[in-house]
Amino acid sequence: MNINDPAELHRLVRELRTTASRSGTPHTFQTTEKSYPRMPQIKLPAIETLAAELSDVIFARQSLSERDTPRPSGSFPLNSISTLLGNAVAARTHGKRGYPSGGGLNPIEIYFVGTLEGGKCPKAYHFSQNNHVLEELWETTPAALDTLTSSEHTVSRTHALILTARWGQSSQKYGGFAYYLSLLEAGHLAQNVLLCATALDVSSRVIGGFNDRAVSTLLDIWSPEEDPLYFIILAPNTL
Ligand SMILES: Cc1cc2nc3c(=O)[nH]c(=O)nc-3n(C[C@H](O)[C@H](O)[C@H](O)COP(=O)(O)O)c2cc1C
């Protein structure tokens, strides 16, 4: 197979659909949300309703350009991150989320990296979609943040959300086809983030070309359980 041919790769992945679990009896699949119960839990403030018109927000969305926005480092306001995550990705009381998930198995995990309001240094956090809390993982440094993406993006001067896939959540039902479904789901989720960020005057840029090894090391995640999929730079314009 020619791995530089996207059409060949696509056919290969699509064929996995036919080999996915097809037992005659209906199956119940167990899913869990990743959690860090021993880490400090940062309860986020109330989620505000976004007032912006959807068509205005879609029209206004564009990628942050480092050239346009040489910004000092600053902390991310708690009410902004709460409203951003609460509208874009948090679980609703009935368990549904604002983006679809193949088989409802929710393989995507969300991490925030940056300096939160009241904090003195950048840290990595895991976002609990069910509890609307940021679970504080550990400190990082501006130098470490700049290794996460290529040199044209100085992440140390901004903040980021990182989307990962816990493959097993989805592969228990779909086998290797979970790969295809997880990528699509991350895209749905990311678009919600970009639109909510735009509505909150937070600039953003998605990055596919991040440094997998540096991101996995920072988050202490390991393949084959969990891999990073997508990197979203966030830069509030109110700092
Ligand atoms: C899947 C995907 C991956 C991307 N990866 C990168 C990236 O690695 N580095 C980067 O600077 N921009 C990346 N971008 C952002 C695009 O360069 C940007 O969306 C494009 O230039 C169009 O500009 P706009 O977003 O302002 O409309 C990516 C966008 C998408 C959809």
Side-chain angles (χ1 to χ4, degrees), residues 3-14 50 52-71 73 84-85 87-89 98-102 107-114 122 124 140 142-167 170 177-219 221 223 226-238:
I3 58 162
N4 284 316
D5 181 345
E8 270 200 53
L9 277 174
H10 179 69
R11 277 194 299 279
L12 180 76
V13 176
R14 287 294 304 175
L50 296 172
E53 293 284 344
L54 181 59
S55 44
D56 291 343
V57 171
I58 293 173
F59 191 79
R61 187 221 58 87
Q62 62 175 8
S63 292
L64 164 80
S65 156
E66 289 281 317
R67 209 179 41 246
D68 300 344
T69 52
R71 63 188 64 252
S73 57
L84 172 55
L85 292 171
N87 281 278
V89 300
Y99 60 94
S101 175
I108 308 300
E109 296 288 336
I110 303 165
Y111 298 83
F112 175 80
V113 178
T140 182
L145 291 181
D146 284 336
T147 67
L148 302 180
T149 61
S150 61
S151 54
E152 71 199 90
H153 302 295
T154 38
V155 178
S156 58
R157 289 192 284 131
T158 57
H159 307 81
L161 288 179
I162 299 169
L163 310 185
T164 69
R166 277 198 301 147
W167 305 116
S170 181
F177 192 58
Y179 182 63
Y180 182 85
L181 298 175
S182 299
L183 294 186
L184 291 177
E185 184 171 330
H188 287 295
L189 193 164
Q191 183 69 7
N192 277 8
V193 168
L194 301 186
L195 294 182
C196 291
T198 305
L200 287 162
D201 199 19
V202 174
S203 295
S204 60
R205 174 178 281 267
V206 288
I207 305 282
F210 56 83
N211 179 341
D212 295 69
R213 187 183 290 245
V215 170
S216 295
T217 302
L218 172 69
L219 301 180
I221 59 172
S223 203
E226 186 173 357
D227 280 299
L229 290 186
Y230 217 7
F231 194 100
I232 310 173
I233 292 180
L234 295 175
N237 291 313
T238 46

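Atom set for the values below is all heavy atoms of this structure, side chains included, hydrogens, waters and symmetry mates excluded. All ligand and atom numbering here is 1-based and tracks the order in the structure.
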Closest approach of any protein heavy atom to atom 11 (O) of ligand 1, naming residue and atom: His153 NE2, 2.9 Å
Find all atoms of ligand 1 within a distance of less than 4.0 Å from any non-hydrogen atom belonging to Val206, and give their numbers and elements. 4 (C), 5 (N), 6 (C), 12 (N), 13 (C), 14 (N), 15 (C), 28 (C), 29 (C), 30 (C)
Could you label the plane-to-plane angle of the Tyr179 and Trp167 rings as parallel, tilted or perpendicular, counting under 30° as parallel and over 60° as perpendicular? tilted
Atom 20 (C) of ligand 1 has as its nearest protein heavy atom Ser63 OG, 4.7 Å
Which atoms of ligand 1 are found less than 4.0 Å from any heavy atom of Gln62? 26 (O)
Stepwise side chain to side chain contact (heavy atoms under 4.5 Å, CB included) check, Val206 with Ser63: CA-CA 8 Å; Val206 288; Ser63 292; 5.6 Å; no
Flag: protein heavy atom within less than 4.0 Å of atom 28 (C) of ligand 1: yes
Supply the atom-to-atom distance Ile108 CD1 to Leu229 CG, rounded to the nearest 0.5 angstrom. 5.0 Å
Does any N/O atom on Ile207 come nearer than 3.5 Å to any N/O atom on ligand 1? no
For a quick test of reading the model, state the closest non-hydrogen atom pair linking Leu64 to Arg205 and the distance between them. O-NE, 2.8 Å
Value for CG (Leu200) from CG (Leu195), rounded to nearest 0.5 Å, stands at 11.0 Å
Using a distance-only test with no angle check, is there a side-chain donor-acceptor pair under 3.5 angstrom linking Thr164 and Glu109? no
Around atom 8 (O) of ligand 1, find the nearest protein heavy atom and jot down its residue, atom name and distance. Gly209 N, 2.9 Å
Where Leu234 and Thr158 come nearest, the two heavy atoms and their spacing: O-CB, 3.5 Å
Taking a cutoff of less than 4.0 Å between a non-hydrogen atom of the residue and any ligand atom, is Tyr230 in contact with ligand 1? yes
Nearest non-hydrogen protein atom to atom 5 (N) of ligand 1, with distance, is Gly208 N, 2.8 Å
Heavy atom under 4.0 Å from ligand 1: found in Phe210's side chain, backbone, both, or neither? neither
How close does the nearest protein non-hydrogen atom get to atom 21 (O) of ligand 1, and which residue and atom is it? Arg205 NH1, 4.6 Å
Assess the residue pair Leu148 and Asn211 against the criterion (side chain to side chain contact (heavy atoms under 4.5 Å, CB included)); give the C-alpha distance rounded to whole Å, side-chain angles, the decisive distance to 0.1 Å, and a yes or no. CA-CA 5 Å; Leu148 302 180; Asn211 179 341; 5.6 Å; no
